Peer 1: 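Can you read through this structure? Questions will come right after.
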Amino acid sequence: MSPQIERVAMIAVHTSPLAMPGTGDAGGLNVYVLATAVEMAKRGLEVEVFTRATSGDQGDVHAAPGVVVRHIPAGPFEGLAKEQLPSQLCAFTAGVMQAVAAQPEGYYGVVHSHYWLSGQVGWLAAERWHVPLVHTMHTMARVKNGHLASGDRAEPEVREIGESQVVAVADRLVANTAAEAGELIELYDADPDRVQVVHPGVDLSVFSPGDRGAARAALGVDPEDLVIAFVGRIQPLKAPDLLIAAAADLIRRRADLAGRVRVVINGGPSGTGLERPDALAELAAQLGVADRVRFEPPGPRERLAQWYRAADVVAVPSYSESFGLVALEAQACGTPVVAADVGGLPTAVGGGVLVKGHEVATWSHTLEALLDDVPRRQELGLRGVEHARRFGWDVAAAQLAQVYEQAASSRRLDTAMALARASAQRRRR
């Protein structure tokens, strides 16, 4: 690590890296922030993560050696949805400035913001501290609005404007995949020279192949069941309703499988899904498969790994995904994936099947073919394990560290050139 960068300020306004993924606004972003922070700390880089406090007793939390999560009060501790947070960005920024006011110039070498709300704060912080801004979108309004689920609400214009501002000012933009890099350039007019691809990773010490029978016994799953698992936040964007409808169609068509197919939904309501938290249970009842659908609340990573191992197939039917960590985690556990052919999922999936479109019949027949073919599931499972091994968080952290260095070098060069131009102008006078 270059001596110019010893400490990074990460900004994650709307969700804490300490929150359990799978409900509310907690998801892949949380995993990404904490995992990369921990790995970069192992490389000797100190990381401080700033996030909004959601209770009065949250202070600085030492999440790992070299990683501190700092909770900044901004607005009511509870009851604020992500869509309401733009009103608190000024308060949050002021809180960040106050929290580090006593630190000397150059205390942070770079600001890395996550999601557009954080980018707005990171923009001001980087300018105040005279350091480069590195930004990761995670999701983009213009991409999501182009792939809306039926009945879902479009992202507001204020978000598109905010994202465009962050794209314009960031020293570097980190994209999860080449496809996302292309979207930044095409949809947001990002400077291609400032966009760099860094794939997310997976914790291979937690997500690894294991005994399926033992996993099923621990989770109370019938050894004869054909388990299709969904993992993620329950909202239209993630399309768990499509999975239930596809399973119901499969059960209707295949009487021989009707008593064995089981769908397991791991996660909690999020986004517009909060408006009808019982919608999936109601759908399963309407389709006559309520006894074939099991709902599991978000749990610790170790239990999630057991669900991956217990499943015959993990389905990721999302309408939009910047990457798809769930797909990578499932493959690391040796379970084949059936995923929508959207966003970053073609990069994340190496041991599975990509499905074009979101037609119930297409998904039903794709799942049927895989459940009927045990040798193919085994082959895809092995391929998935090998694929996942290429995506360690240590690799992602090393690449991010290089991005930080490049951003800092470019900023120093720009500063030197600006000073030289100013000096030349003074001499000409």
Side-chain angles (χ1 to χ4, degrees), residues 5 7-19 24-27 29-30 32-34 36-37 46-54 58-61 63 67-77 80-103 105-141 155-156 158-174 184 188 190 194 400 403-404 407-408 411:
I5 296 182
R7 189 175 292 102
V8 58
M10 284 194 183
I11 312 290
V13 174
H14 77 286
T15 177
S16 169
L18 303 180
D25 290 321
L29 184 153
N30 304 67
Y32 184 109
V33 171
L34 184 59
T36 55
E46 293 185 33
V47 181
E48 295 185 16
V49 184
F50 295 87
T51 191
R52 195 178 78 89
T54 55
Q58 291 175 316
D60 292 352
V61 177
V67 180
V68 178
V69 178
R70 310 190 71 172
H71 294 89
I72 305 298
F77 288 123
L80 278 186
K82 182 170 58 177
E83 294 73 19
Q84 297 172 298
L85 288 179
S87 67
Q88 299 303 317
L89 293 183
C90 182
F92 186 89
T93 304
V96 171
M97 295 299 131
Q98 292 170 4
V100 301
Q103 302 301 343
E105 183 81 14
Y107 185 72
Y108 299 109
V110 66
V111 173
H112 187 175
S113 53
H114 298 269
Y115 192 67
W116 79 274
L117 293 169
S118 303
Q120 292 283 314
V121 177
W123 175 10
L124 296 174
E127 287 299 314
R128 171 64 180 83
W129 297 332
H130 306 293
V131 298
L133 172 64
V134 174
H135 181 73
T136 304
M137 283 290 198
H138 293 281
T139 63
M140 292 178 279
E155 293 295 315
V158 66
R159 175 176 173 183
E160 291 193 25
I161 294 171
E163 289 176 343
S164 296
Q165 291 173 324
V166 175
V167 168
V169 301
D171 294 85
R172 288 293 186 278
L173 293 160
V174 176
L184 280 165
Y188 289 86
R194 294 190 177 192
L400 282 176
V403 173
Y404 296 165
R411 173 64 70 99

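Since this is a predicted model, take the numbers as computed values, not measurements.
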Peer 1: Take V121 and F50 through the test side-chain contact (heavy atoms from CB on, under 4.5 Å) and record every step on the way to the result.
Peer 2: CA-CA 10 Å; V121 177; F50 295 87; over 6 Å; no

Peer 1: What's the shortest heavy-atom distance between G119 and V166, and which atoms?
Peer 2: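 Between these two residues, the closest heavy atoms are C-CG2, 3.6 Å.
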
Peer 1: Return the set of residues passing side-chain contact (heavy atoms from CB on, under 4.5 Å) with A63 (not counting sequence neighbours), or none when no residue passes.
Peer 2: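 Scan of A63 (side-chain contact (heavy atoms from CB on, under 4.5 Å), adjacent residues dropped) gives L18, L34, V67, V69.
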
Peer 1: Which pair of heavy atoms, one from A12 and one from T51, lies closest together, and at what distance?
Peer 2: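 So the two residues come closest at O-OG1, 2.7 Å.
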
Peer 1: Quick one, R52 and I72 - any side-chain contact, counting heavy atoms below 4.5 Å?
Peer 2: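 Counting from C-beta outward, R52 and I72 never come under 4.5 Å.
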
Peer 1: In chain order, what residues pass the side chain to side chain donor-acceptor pair (under 3.5 Å) check against T15, with sequence neighbours excluded?
Peer 2: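 Testing T15 for side chain to side chain donor-acceptor pair (under 3.5 Å), a comparison that skips the adjacent residues, returns N30.
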
Peer 1: Please walk me through it: do Y108 and Q103 pass side-chain hydrogen bond (donor to acceptor under 3.5 Å, both in side chains)?
Peer 2: CA-CA 9 Å; Y108 299 109; Q103 302 301 343; over 6 Å; no

Peer 1: Looking at every heavy atom in both M10 and T36, which two are closest together, and how far apart are they?
Peer 2: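 For M10 and T36, the tightest heavy-atom pair comes out as CE-OG1, 3.7 Å.
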
Peer 1: Show which side-chain atoms of residues 128-137 pair as donor or acceptor with protein atoms under 3.5 Å away, not counting sequence neighbours.
Peer 2:
| residue | atom | partner | partner atom | Å |
| --- | --- | --- | --- | --- |
| H135 | ND1 | S113 | O | 3.3 |
| H135 | ND1 | S113 | OG | 2.7 |
| T136 | OG1 | H112 | NE2 | 2.8 |

Peer 1: Restricting to salt bridge (Lys or Arg N to Asp or Glu O under 4.0 Å), what partner residues turn up for R7, sequence neighbours left out?
Peer 2: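 With sequence neighbours excluded, R7 shows a salt bridge (Lys or Arg N to Asp or Glu O under 4.0 Å) to E46, given in chain and number order.
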
Peer 1: Under the side-chain hydrogen bond (donor to acceptor under 3.5 Å, both in side chains) definition, can you give me all pairs with a residue in residues 114-125, not counting sequence neighbours?
Peer 2: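 Non-adjacent pairs meeting side-chain hydrogen bond (donor to acceptor under 3.5 Å, both in side chains): H114-H138, Y115-R159, Q120-Q165.
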
Peer 1: Which atom names give the shortest non-hydrogen contact between G122 and V111, and what distance separates them?
Peer 2: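 Answer, listing the atom of G122 first, then V111: CA-CG1, 3.9 Å.
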
Peer 1: Of all residues at least two apart in sequence or in a different chain, which pass the side-chain contact (heavy atoms from CB on, under 4.5 Å) check with E160?
Peer 2: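 Partners of E160 by the side-chain contact (heavy atoms from CB on, under 4.5 Å) criterion, ordered by chain and then number, come out as A141, R142, N145.
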
Peer 1: Which heavy atom of A53 sits nearest to which heavy atom of F77, and what is that distance?
Peer 2: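 Minimum heavy-atom contact is O-CD2, 3.8 Å.
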
Peer 1: Atom NZ in K82, atom NE2 in H14: separation rounded to 0.5 Å?
Peer 2: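 Between K82 NZ and H14 NE2, I get 4.5 Å after rounding to 0.5 Å.
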
Peer 1: To check you understand the geometry: which heavy-atom pair defines the closest contact between H71 and G59, and what is its length?
Peer 2: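 Between these two residues, the closest heavy atoms are ND1-O, 2.8 Å.
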
Peer 1: Which atom pairs, one a donor and one an acceptor, fall under 3.5 Å between side chains of residues 88-98 and the rest of the protein, sequence neighbours left out?
Peer 2:
| residue | atom | partner | partner atom | Å |
| --- | --- | --- | --- | --- |
| Q88 | OE1 | G75 | N | 3.2 |
| T93 | OG1 | L89 | O | 2.7 |

Peer 1: Which residues pass the side-chain contact (heavy atoms from CB on, under 4.5 Å) test with A168, not counting sequence neighbours?
Peer 2: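 A168 satisfies side-chain contact (heavy atoms from CB on, under 4.5 Å) with no other residue.
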
